[in-house]
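Before any comments, here is the structure.
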Amino acid sequence: MASTPRVFSGIQPSGELHIGNYLGAVKNWVRLQDGYECIFSIVDLHAITQAYDPSELAQRTRDMAVGLLAAGIDPARSILFVQSHVAEHTELGWILTTVTPLGELERQTAFKEKAQRLESVPAGLLNYPVLQAADVLLYLATLVPVGEDQVQHLELMREIARRWNHRFGAGFFPEPQPQLTTAKRVLGLDGQAKMSKSLGNTIGLLESPEAIWEKLRPAATDPARKTRKDPGNPDICNIFTIHQGFSPPPIQAEVAVKCRTAAWGCLDCKRVLADHMIAELTPIRERAVDLVAKPATVRAALRAGAERARAIARTTMAEVRRRMGFLGAAGD
Ligand code: SF4
């Protein structure tokens, strides 16, 4: 068992990071590296549970790796790898399906939401949380950074660990604990739906200062502020949520007061936000440009990450196979 608590977290290869997944997950990951042994995975095997274009998957995976490295995931301190490069994820995933109750999978809110939009539901969508459990348990990780919407999956993961342990080896898999991220969920620029590339309501992490301002300027605010004289409510304004991710606390306090008293207009408020965003994102963009120019560096980082991940995964799987009685697993 590792002396420093081990964290596992994954992100789908959706291509370039946007400020929603940066503030919701990746910024927290960068901080976690200071206190924990971190394993971060680009979870391409999860991504294929939904319709996707095979000709884009590799590039989206590379782009995500560039974004993560540029944002501050340090491959010298953390393990960063692509999920499909470590075959043990699928092996443990299959094994865990044999102790997972079907009813629990069918009850998962995320599954129900996705399934109702599909005519034919692939079993992979149902088993998605089992693969998530395998991702974490493979590394005997004890902490999983999650948002509120992922708590149900984590509960199921703990249940799967308990069931396997009960059948094959008391206490072998630790029951992972949630590390709830404090970041509020950033909505898209339309202020309606979740920020998502497919909805075209994002600001990319690597966008130029001009592009950031062009997108921020028309973004939705508190609809009560019809004119500059109308006071607003920062608590229901998505722009304020983004301020909370990028602007220092004294600025956030000033924004709230000026909003409630109509001491400034939304455009003034957005300009201050744009300045803080640009200050934080410019060095990230510069690192990304550098990494894109050196694809061999990115490839080498992912290869080394997969090797380190595989070494841990192999040790876990050897023990899993031995405890489950597979021929050859105990040297027989
Ligand atoms: S002043 Fe800022 S926080 Fe208030 S409604 Fe406008 S954009 Fe939102």
Side-chain angles (χ1 to χ4, degrees), residues 11 14-31 67 70-72 113 145-151 179-286 288:
I11 191 163
S14 53
E16 190 186 305
L17 279 168
H18 55 67
I19 60 164
N21 40 33
Y22 174 67
L23 294 181
V26 177
K27 198 168 168 173
N28 181 42
W29 289 9
V30 174
R31 275 193 296 259
E113 278 173 11
V146 285
E148 291 285 352
D149 54 343
Q150 284 286 314
V151 169
Q179 199 257 0
L180 273 176
T181 50
T182 49
K184 280 209 252 161
R185 202 170 75 155
V186 175
L187 295 177
L189 298 175
D190 48 14
Q192 305 286 326
K194 186 177 165 184
M195 190 170 271
S196 149
K197 219 174 167 191
S198 57
L199 297 174
N201 61 3
T202 64
I203 295 183
L205 204 63
L206 310 179
E207 300 213 42
S208 68
E210 298 74 31
I212 290 174
W213 178 238
E214 280 310 306
K215 290 191 170 176
L216 207 52
R217 213 165 34 137
T221 63
D222 175 1
R225 295 208 72 183
K226 290 195 176 55
T227 73
R228 200 184 182 289
K229 287 188 206 128
D230 298 321
N233 178 3
D235 296 335
I236 59 161
C237 178
N238 192 41
I239 296 297
F240 187 63
T241 309
I242 307 177
H243 262 295
Q244 289 172 312
F246 286 105
S247 303
I251 300 289
Q252 293 171 29
E254 189 188 330
V255 169
V257 171
K258 285 184 166 170
C259 177
R260 288 185 206 283
T261 57
W264 68 1
C266 289
L267 217 51
D268 307 313
C269 179
K270 288 173 176 174
R271 187 62 250 177
V272 172
L273 171 59
D275 291 343
H276 287 286
M277 281 177 69
I278 290 164
E280 183 164 336
L281 298 183
T282 296
I284 295 178
R285 193 180 73 250
E286 286 170 357

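Start at 1 with the first residue, then count along the sequence. First listed ligand is number 1; within each ligand, the first listed atom is number 1. Since the structure is predicted, the reported quantities are computational estimates derived from the model, not experimental observations.
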Notebook entry, point to check: Hey, does the side chain of D222 reach the backbone of N233 with a donor-acceptor pair shorter than 3.5 angstrom?
Noted result: yes

Notebook entry, point to check: Is it true that E280 and K27 have a side-chain N and a carboxylate O under 4.0 angstrom from each other?
Noted result: yes

Margin query: For the backbone of H18 and the side chain of N21, can you confirm whether one donor and one acceptor N or O come within less than 3.5 Å of each other?
Written below: yes

Note to self: Check for me: within less than 2.8 Å of atom 2 (Fe) of ligand 1, which protein N/O/S atoms show up?
What the structure shows: C269 SG

Check: If you measure from the Lys or Arg side-chain nitrogens to the Asp or Glu carboxylate oxygens, is any gap between R228 and D268 under 4.0 Å?
Finding: yes

Check: Is the shortest heavy-atom distance from the side chain of L273 to the side chain of F240 under 4.5 Å?
Finding: no

Margin query: If the threshold is 4.0 Å, N to carboxylate O, is there a salt bridge linking K270 and D275?
Written below: no

